[in-house]
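To keep things clear, I will list the structure first and then write my remarks on it.
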Amino acid sequence: MSKKSKTRHSLSRRITALIAILMAVMFLAVSFISYRALRSTYLRLYSEKAQDIVRSLASEIDGDRLYHYVETGETDSYYDWLSQEFTMFKSQFSGIAFLYLFYPEEERFIYILEAMKPGDDPDDINAMGEDFPYGEMELAHLVPDIKAGRASSELILGADVGYGETVSAWAPVFDSDGKVAAMVEADCSLANLSAVIREYALRIIGVQLLFMLLVLLLVIEILQRNVTRPVGQLSKMVESYEHGSVTQPKFRHEDELQMLGDSFVEMTERINAYTQEVARATEEQGRISAEYNVAKQIQTDILPSVFPAFPERRDFDIYASLYSSKEICGDFYDFFLIDEDHLCMVVGDVSGKGVPAAMFMVIVKTLIKNRALQGFSPAEVLQNVSEQVLEGNNAGMFTTVWLAVLELSTGKGLAANAGQEHPALRHAGKRFELQEYRHSPPVGAMEGVRFRDHGFQLEPGDTLFVYTDGVKNSKNPKEETFGKERILEALNREPGATPSVLLQTMKSAIDSFYGEAQQTDDLTMLSLKYYGTGQPSDEWK
Amino acid sequence: MLTINKTAEGEKVTFSLEGNLDIDTAPQLEAELKRALDRTTELVFDFRGLKYISSAGLRVLLLAQKQMNRQGRMRLVHVGETVMETLEITGFADIFYIAD
């Protein structure tokens with residue numbers, strides 16, 4: 001859960017941070033550029049102003065008179081007037097730090113006059129006659145102009161040559177011969193200028209910053225409304241799906257986010273439907289296989305499967321088995337003593353497969369046993385059971401049945417065959433043969449059907465073998481049918497064998513008939529060997 | 001595999017079957033019979049081409065026989081040896097009317 005809450009807002013935060021960074025970069029860039037531009041514009045203005053001043057001053061001055069001051073060091077009224085003029089100009093332009101007039105010599109310049117306005121520090125102002133050698137800046141820029149008689153026309157930055165923040169401008173004063181008599185120079189201190197520029201720049205930058213913040217907030221708000229909030233709603237919707245249903249968020253604009261939301265809701269509906277379907281199918285499948293297992297279990301449990309079945313009896317030996325293929329079949333067998341002297345045997349095959357067939361089989365088997373235990377003959381039993389089955393039978397199910405009752409003391413028997421395969425009988429000392437007599441239709445097939453009792457006699461050593469059509473009609477992959485010849489052949493390999501051996505022999509014969517392939521038919525077999533009142537011994541073989 | 005050819009002449013319907021009538025093909029015949037038997041009073045099954053019949057097939061025929069018992073009659077013709085043997089063993093030879 002912590003992972004979810006951490007990531008819940010990271011998208012909006014990321015976008016906001018990204019926009020803020022971009023805006024900050026833009027702001028810095030713009031601020032820097034505007035500061036530089038502002039500064040250079042101001043410098044240029046200053047420089048131009050300074051140049052204007054020195055040029056207009058220079059043009060006023062009578063150069064001829066200046067030599068006198070240089071030579072004699074004396075002042076006169078003209079000098080005073082000049083001084084006033086200089087002072088006036090300096091006062092008018094606060095940017096000028098020094099405004100002076102000097103006489104250029106080869107390697108130095110001599111001050112003639114320097115302006116002093118109220119507020120200036122007297123120590124900074126040079127007096128007439130003071131001289132200084134040319135410095136680097138002067139040599140580079142001033143001296144060539146002096147020689148050429150040129151006023152300065154470019155931005156001369158003192159900073160470039162170590163004078164600190166200054167801008168200089170000069171203009172020559174010509175005498176009547178056209179020679180350069182003196183130079184007027186103005187040095188502007190940029191300290192003030194810088195302060196002014198800074199103040200101005202900060203004001204502009206401040207406004208910019210404010211403006212950008214407002215834009216940022218606006219962008220954030222717009223983003224929130226159009227992206228962050230809808231996306232948040234979407235992700236909340238996706239999360240909420242965990243708990244079942246989703247509520248569809250409705251967005252202001254019919255854009256991709258709305259589509260995404262709609263698609264998601266549709267998908268969840270489909271998933272829900274599918275999940276329900278799978279759950280239902282799984283449950284049903286489970287139910288079916290549970291039913292299937294139960295039915296198979298019932299089928300297995302309901303048929304007598306304990307052998308030897310009557311260990312205390314020496315007058316007969318009986319064995320039966322049912323090998324079913326994968327599905328639940330309707331085959332069944334049964335045997336029980338009606339009384340001490342009468343054995344009842346049943347083999348049957350219900351039409352159809354699956355749980356209905358198994359259920360029908362249980363009903364029929366039970367009805368048969370009930371009726372047989374009451375002492376009725378085979379035909380009577382089948383007649384009665386058939387009528388009962390037809391009464392309530394809407395599915396049209398029926399079952400073939402072979403039912404026999406054997407009087408054990410005498411070996412006399414009655415059998416009724418309702419649609420079953422011909423049983424095989426072997427008389428002692430002889431070989432198995434099929435007992436073919438008229439069959440009745442299956443039990444429960446049709447009303448008005450007559451069942452017949454067929455009498456037979458067993459002598460000691462006689463063996464009976466009963467089977468369902470799964471045995472006879474087994475088809476192997478080569479489309480061959482096992483058939484009655486193979487049944488008899490397998491039985492007659494060892495005709496005197498006990499019932500369990502006979503059944504095993506038959507099973508192996510069928511297995512090899514199938515070869516590698518899987519058994520696909522249901523095999524139900526029952527065998528009875530009658531010994532009579534004598535002991536089972538080799539003689540009866 | 002089962003091929004069913006149906007011919008109708010008024011209220012008489014003949015189904016000619018070719019192949020095997022077993023658990024796989026019986027539903028096919030059952031479906032056809034459901035459609036065909038509404039106004040039939042005489043139903044004939046021609047088994048000339050029928051090679052094999054299992055209990056599932058017998059069940060379908062039995063249902064047809066029960067219905068025809070109410071609305072008319074039914075018979076099987078040209079029944080082959082193998083199929084006849086099955087009908088006799090299963091006792092259905094007593095239920096169906098088998099003619100030539």
Side-chain angles (χ1 to χ4, degrees), chain A residues 325 327 329-331 348-354 356-357 360 382 386 390 393-402 416-423 434-452 467-470 472-475 479 481 483-484 520-522, chain B residues 1-2 18-34 37 43 45 49-76 79-98:
Chain A
S325 57
E327 290 191 43
C329 65
D331 280 12
D349 177 5
V350 174
S351 64
K353 286 190 191 286
F360 186 71
L382 295 187
S386 190
L390 280 164
N393 192 357
N394 293 324
M397 300 189 81
F398 54 82
T399 175
T400 63
V401 181
W402 174 86
N417 190 326
Q420 263 293 337
E421 296 289 332
H422 303 300
L434 292 185
Q435 302 295 293
E436 300 184 22
Y437 48 87
R438 187 84 179 273
H439 291 174
S440 323
V443 165
M446 196 90 148
E447 289 168 5
V449 159
R450 277 205 326 146
F451 297 92
R452 282 174 271 273
Y467 56 95
T468 57
D469 78 333
K472 181 171 146 230
N473 294 331
S474 286
K475 269 214 186 103
E479 298 284 305
T481 313
K484 55 188 178 194
T520 57
D521 300 285
D522 309 306
Chain B
M1 281 295 300
L2 179 72
E18 266 175 56
N20 298 329
L21 184 57
D22 54 22
I23 189 132
D24 298 317
T25 56
Q28 196 184 333
L29 181 60
E30 191 171 353
E32 288 258 8
L33 283 169
K34 264 209 187 84
L37 291 190
L43 176 62
F45 282 101
L50 187 67
K51 292 204 208 63
Y52 169 79
I53 189 166
S54 77
S55 64
L58 290 171
R59 189 182 148 268
V60 175
L61 291 177
L62 182 64
L63 287 171
Q65 181 71 58
K66 285 184 180 174
Q67 185 171 355
M68 292 316 293
N69 281 350
R70 289 194 292 272
Q71 50 186 80
R73 52 203 184 130
M74 167 176 141
R75 65 179 188 276
L76 314 181
V79 181
E81 207 182 300
T82 321
V83 174
M84 194 66 210
E85 196 184 325
T86 306
L87 292 173
E88 276 169 352
I89 290 179
T90 59
F92 273 93
D94 279 0
I95 294 182
F96 301 133
Y97 177 45
I98 301 172

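This is a predicted model, so every value here is computed, not measured. In what follows, every chain begins at residue 1, and chains take the letters A, B, ... in the order their sequences are listed. Atoms considered below: every heavy atom in the structure, side chains included; atoms not considered: hydrogens, waters and symmetry mates.
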How are the rings of H439(A) and H422(A) set relative to one another: parallel (under 30°), tilted (30 to 60°) or perpendicular (over 60°)?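 H439(A) and H422(A): tilted rings.
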Need one label for [X]: side chain, backbone, both or neither, based on atoms under 4.5 Å from any heavy atom in chain B.
X	result
R438(A)	side chain
Q420(A)	backbone
S440(A)	backbone

Output the option from P442(A), S351(A), G448(A) having the highest count of non-hydrogen pairs under 4.5 Å with chain B.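 Option with the greatest count: P442(A).
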Tell me, out of L63(B), L58(B), L62(B), I23(B), who's got the most heavy-atom pairs with chain A below 4.5 Å.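 If we count pairs closer than 4.5 Å to chain A, L62(B) comes out on top.
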Test the K475(A)-Y52(B) pair against the cation-pi criterion, namely NZ or CZ under 6.0 angstrom from the six-membered ring centroid and within 45° of the ring axis.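 Here K475(A) passes the 6.0 Å and 45° test against Y52(B).
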Does any non-hydrogen side-chain atom of R59(B) lie less than 4.5 Å from one of E30(B)?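 Yes, close enough: below the 4.5 Å cut-off.
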Check whether any side-chain heavy atom of R75(B) lies under 4.5 Å from a side-chain heavy atom of F96(B), and answer yes or no.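 Result no, sub-4.5 Å side-chain heavy-atom pair not found.
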Quick one: pull up CD in E421(A) and OG1 in T468(A) and give me the separation to the nearest 0.5 Å.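 Nearest 0.5 Å value for the CD-OG1 distance: 8.0 Å.
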What part of I89(B) is in contact with chain A, defined as an atom under 4.5 angstrom from a non-hydrogen atom: side chain, backbone, both or neither?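 Both parts, backbone and side chain.
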